[in-house]
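So the structure is just underneath, and the comments pick up after that.
Lettering of chains follows the sequences in order, A, B, ..., and the numbering in each one begins at 1. Side-chain atoms are counted along with the backbone in the values below, which use heavy atoms only and exclude waters and symmetry mates.
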Protein chains: 2
Amino acid sequence: MNIGQVAEQAGLPAKTIRYYEDINLISPLRDGNGYRVFRDSDLHKLVFLSRARSLGFSIEECRTLLALYGDKDRASGDVKAVAQQHLHQIEAKILELQAMRGTLSELINGCAGDHRPDCPILKGLAAPLA
Amino acid sequence: MNIGQVAEQAGLPAKTIRYYEDINLISPLRDGNGYRVFRDSDLHKLVFLSRARSLGFSIEECRTLLALYGDKDRASGDVKAVAQQHLHQIEAKILELQAMRGTLSELINGCAGDHRPDCPILKGLAAPLA
DNA sequence: CTTGACCTTCCAGTTACTGGAACCCTTATG
DNA sequence: CATAAGGGTTCCAGTAACTGGAAGGTCAAG
């Protein structure tokens with residue numbers, strides 16, 4: 001398989017796949033003409049990476065997960081630990097964004113949003129609300 | 001005021017303040033010895049920036065807001081539009097993270113997390129859940 | 001033989017800082 | 001007077017994870 005086909009099947013841009021090779025997440029073979037040749041195992045890894053990235057795992061977390069994925073003697077506890085730590089980060093981020101949303105909503109609700117210059121949003125940014 | 005004092009009062013690292021000058025968000029004066037001299041107006045802007053950044057506005061959005069902040073003839077509608085667009089982005093991000101959390105929680109719940117290699121998390125990453 | 005769709009590499013840019021090196025200014029102390 | 005501490009300065013490089021673009025090789029079709 002060439003990069004175009006594998007890109008389509010994995011749902012990743014070809015550029016990203018080349019990048020993943022650069023940072024040694026995958027190691028496709030090479031054809032006589034210099035083209036990358038992807039095996040099924042490469043495709044599996046790319047699908048895995050695509051999924052893991054879409055769940056917000058960092059590249060380094062993906063590297064760890066991919067190593068566990070390829071290790072038939074892994075302990076599922078190791079995988080679970082990585083996943084749980086990431087889940088905590090997601091939850092912290094959600095709380096942070098919800099706090100932002102709350103504050104921002106308040107500011108917006110107080111603003112007439114017309115042609116006049118008076119603006120509670122700018123006031124709120126200039127000095128914290130009480 | 002020197003950079004140390006203004007940093008403390010604005011709650012921003014000195015490095016960040018120098019960076020904000022680099023990208024022309026602020027323009028402090030200079031003392032004879034080359035030290036930056038911050039006026040009250042500079043401090044106000046830095047507080048404004050600190051607040052806006054903590055609400056997740058990008059630097060370019062901050063630049064826009066800062067211009068509106070300094071424009072006594074602004075229309076509050078312009079400010080509200082910027083804020084509302086940002087609010088939508090925050091809400092979209094929250095939804096995205098909540099979806100991640102949901103999927104990840106399911107995977108984690110299905111995983112024994114012990115010494116055995118069998119792992120639904122890795123399986124779920126290798127191929128999307130039904 | 002040329003056109004178009006592939007593929008290749010390499011370089012630069014993105015966001016918003018952050019760390020570190022090398023060096024200057026000011027003040028206090030032995 | 002030397003020096004040490006605690007400011008300040010600039011500049012360079014690195015972070016995360018790609019993405020865009022240029023310049024050029026390859027391949028199948030008409």
Quick one: is C:dT15 close enough that its OP1 or OP2 comes under 4.0 Å of any side-chain N or O from B:R53? no
Validation row: B:R101, B:L97 side chains within 4.5 angstrom (heavy atoms): no
Is the shortest distance from a Lys or Arg side-chain nitrogen in B:R116 or B:D114 to a carboxylate oxygen in the other one below 4.0 Å? yes
Return the value, rounded to whole Å, for the distance between atom CG of A:L49 and atom C1' of D:dA16. 15 Å
In whole angstroms, the gap separating P of D:dC11 from CZ of B:R18 amounts to 12 Å
Looking at A:N33, I'd like to know whether one of its side-chain N or O atoms comes within less than 4.0 Å of OP1 or OP2 on D:dC27. yes
Taking only side-chain N and O atoms of A:Y20, does any of them lie within less than 4.0 angstrom of OP1 or OP2 on D:dC18? yes
Just the rounded figure in Å: distance from P of C:dC24 to CG of B:D31. 18 Å
Do the side-chain N or O atoms of A:R36 get closer than 4.0 angstrom to the phosphate oxygens (OP1, OP2) of C:dC7? no
Counting C-beta onward and ignoring hydrogens, is there a side-chain heavy-atom pair between B:C62 and B:R53 closer than 4.5 Å? yes
Taking only side-chain N and O atoms of B:T16, does any of them lie within less than 4.0 angstrom of OP1 or OP2 on C:dA16? no
Can you check whether B:Q5 reaches B:L43 side chain to side chain, under 4.5 Å on heavy atoms? no
Length of the line joining B:E21:CD and D:dT10:P, which is rounded to integer Å: 7 Å
Whole-Å distance separating the CD1 atom of B:I23 from the P atom of C:dG13: 17 Å
OH of B:Y19 versus C1' of D:dC11: gap in Å, rounded? 16 Å
